[in-house]
There are 2 protein chains.
Amino acid sequence: MASDPSADATEPSSGDASDRVYAELLARISEGQFAAGERLYEQALAQDLGVSRTPVRDALKRLAAEGLVDTTPNKGAQVVSFTAEDTVALYDLRAQFEPVACRLAVPRLSEDDLAELEDLDARMQAIVAGGQDPAELTRLNNRFHAIFVERCGNRHLSIALQALFRPAVVTRTFRQYSPRSLERSMQAHQQLVEAARAGDGEWAESVMRSHILSTRHATGHQGDAEDVETLTE
Amino acid sequence: MASDPSADATEPSSGDASDRVYAELLARISEGQFAAGERLYEQALAQDLGVSRTPVRDALKRLAAEGLVDTTPNKGAQVVSFTAEDTVALYDLRAQFEPVACRLAVPRLSEDDLAELEDLDARMQAIVAGGQDPAELTRLNNRFHAIFVERCGNRHLSIALQALFRPAVVTRTFRQYSPRSLERSMQAHQQLVEAARAGDGEWAESVMRSHILSTRHATGHQGDAEDVETLTE
DNA sequence: CTGAGGATCGTTGCATGCAATCTGACAGAT
DNA sequence: ATCTGTCAGATTGCATGCAACGATCCTCAG
């Protein structure tokens with residue numbers, strides 16, 4: 001009788017409210033919709049997302065535990081802000097650790113995982129060719145890298161790496177990459193797919209390391225005047 | 001005037017209720033007061049700790065994000081349980097990563113940090129000599145290792161390593177070490193203090209790696225009939 | 001005696017209310 | 001004019017109430 005599903009058309013399928021809020025905030029932060037250091041008000045977010053403050057609080061706590069927001073006792077949460085040194089250090093660490101996870105993951109990838117990697121690769125290439133929608137590109141790229149981390153075979157390594165990986169994603173949003181770096185990244189992705197398909201963990205590890213190191217270097221070009229309107233790695 | 005700290009003698013310094021609950025649960029899990037896989041009921045913990053369910057929920061969410069408890073959607077939280085393989089893998093990863101943090105941390109240690117390390121070392125030796133209070137030994141040891149992780153100079157590396165470090169602490173609680181391993185660990189701690197005092201990060205890194213690897217090996221002796229009533233690394 | 005179905009209980013998840021704390025501005029004094 | 005003290009608004013943290021989901025036990029049919 002009173003159940004009117006037309007009003008709440010906000011994807012009721014995917015899990016509980018708390019998880020939805022978390023996923024939404026993670027996406028917004030990753031896509032740079034929040035400025036660095038911007039304060040996140042619980043009630044405002046709650047109204048915006050159509051829930052109460054409780055699930056918002058849960059999501060913010062979770063993000064804080066993962067190092068994506070800073071919280072101070074009675075002041076609330078604000079998006080992390082990085083110094084240039086932080087960013088460099090983060091990429092160094094990621095270059096050290098993520099390839100290890102990649103090597104561990106490749107032999108464990110299922111057919112579905114491989115198919116998803118190929119699909120993501122294809123969609124990213126399509127976006128680059130069209131030169132549009134950098135936010136979607138960021139999202140796809142995050143997912144691409146996340147697959148390796150998630151499948152590394154050890155849940156705690158996965159959690160640990162995500163603590164390094166996600167903040168790096170955030171910093172990356174502020175950087176813009178030259179078309180050449182972009183092209184090189186796309187080739188690295190292709191090679192990663194091939195290595196994964198071949199089940200060659202060492203190959204994939206090597207490619208991933210080169211991939212990350214090359215993107216680190218690419219961050220030095222932010223002052224350049226090239227037509228850098230798309231951003232990803 | 002009017003400031004009378006005598007009434008609230010429950011360590012008013014350390015943050016709010018939520019933080020206290022978190023610290024308490026972390027300590028209990030680390031000390032093995034909860035069995036592996038034991039379910040943690042919000043209301044029971046709330047009553048036990050004298051707070052409402054809200055801060056308990058917050059603490060459990062935080063522990064879940066760090067991988068110390070498992071949560072299932074409408075079933076709540078339970079303490080993580082590890083397979084033997086998990087434990088081995090965790091020690092491998094820790095042996096790879098924690099020494100790196102140690103090397104980074106040593107040049108950054110303050111005089112207070114060094115003094116605390118020496119103090120912790122002395123107290124652990126006293127406990128070993130007396131052969132008493134393994135729980136306190138565990139606590140001191142955790143703090144000893146945590147100092148290096150916290151001072152590694154990169155907040156996100158710190159978070160990432162704690163994700164590997166804390167679960168290892170949990171698994172360690174179930175293991176009992178022979179007196180010889182114990183003695184070796186104490187010597188490693190002494191050497192770490194020396195290296196830290198000397199500001200030699202590489203030395204400390206090497207000692208830390210040996211230290212962790214030796215404890216990993218020590219876990220194979222759990223069937224032995226030696227008088228292993230104390231436990232630490 | 002065994003298996004299936006249903007009902008009751010317990011627990012979690014979300015919403016809301018209240019108190020404590022922090023932020024900001026205004027008024028007054030030096 | 002600048003600085004300080006006070007006050008008002010706003011926001012967070014905690015406590016509690018309600019609904020939904022899951023688990024367990026009992027009953028009943030085969």
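Letters A, B, ... mirror the listed sequences (proteins, then strands); counts begin at 1. Please read all numbers here as calculations on a predicted model, not as lab measurements.
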By side chain to side chain contact (heavy atoms under 4.5 Å, CB included), which residues pair with A/A101, not counting sequence neighbours?
A/C152, A/L161
Would you please name every residue forming a side chain to side chain contact (heavy atoms under 4.5 Å, CB included) with B/E150, sequence neighbours left out?
B/R143, B/A146, B/Q162
According to ring-ring contact (aromatic ring centres under 6.0 Å, His included), who are the partners of A/Y22, at least two apart in sequence or on a separate chain?
none
Nearest-Å distance, CG (B/L49) to P (D/dG13)?
19 Å
Applying ring-ring contact (aromatic ring centres under 6.0 Å, His included) to A/Y41 and not counting sequence neighbours gives none
Pairs in or reaching into residues 154-165 of chain B: which pass salt bridge (Lys or Arg N to Asp or Glu O under 4.0 Å), with residues at least two apart or in two chains?
A/D70-B/R155
Please list, for nucleotides 10-14 of chain C, all pairs of protein and nucleotide N/O atoms separated by less than 3.5 Å.
from: C/dT12; atom 1: O3'; to: B/P73; atom 2: O; distance (Å): 3.4
from: C/dG13; atom 1: OP1; to: B/P73; atom 2: O; distance (Å): 2.3
from: C/dG13; atom 1: OP2; to: B/R57; atom 2: NH1; distance (Å): 3.1
from: C/dG13; atom 1: N7; to: B/R53; atom 2: NH2; distance (Å): 2.9
from: C/dG13; atom 1: O6; to: B/R53; atom 2: NH1; distance (Å): 3.3
from: C/dC14; atom 1: OP1; to: A/A17; atom 2: N; distance (Å): 3.0
from: C/dC14; atom 1: OP1; to: A/S18; atom 2: N; distance (Å): 3.1

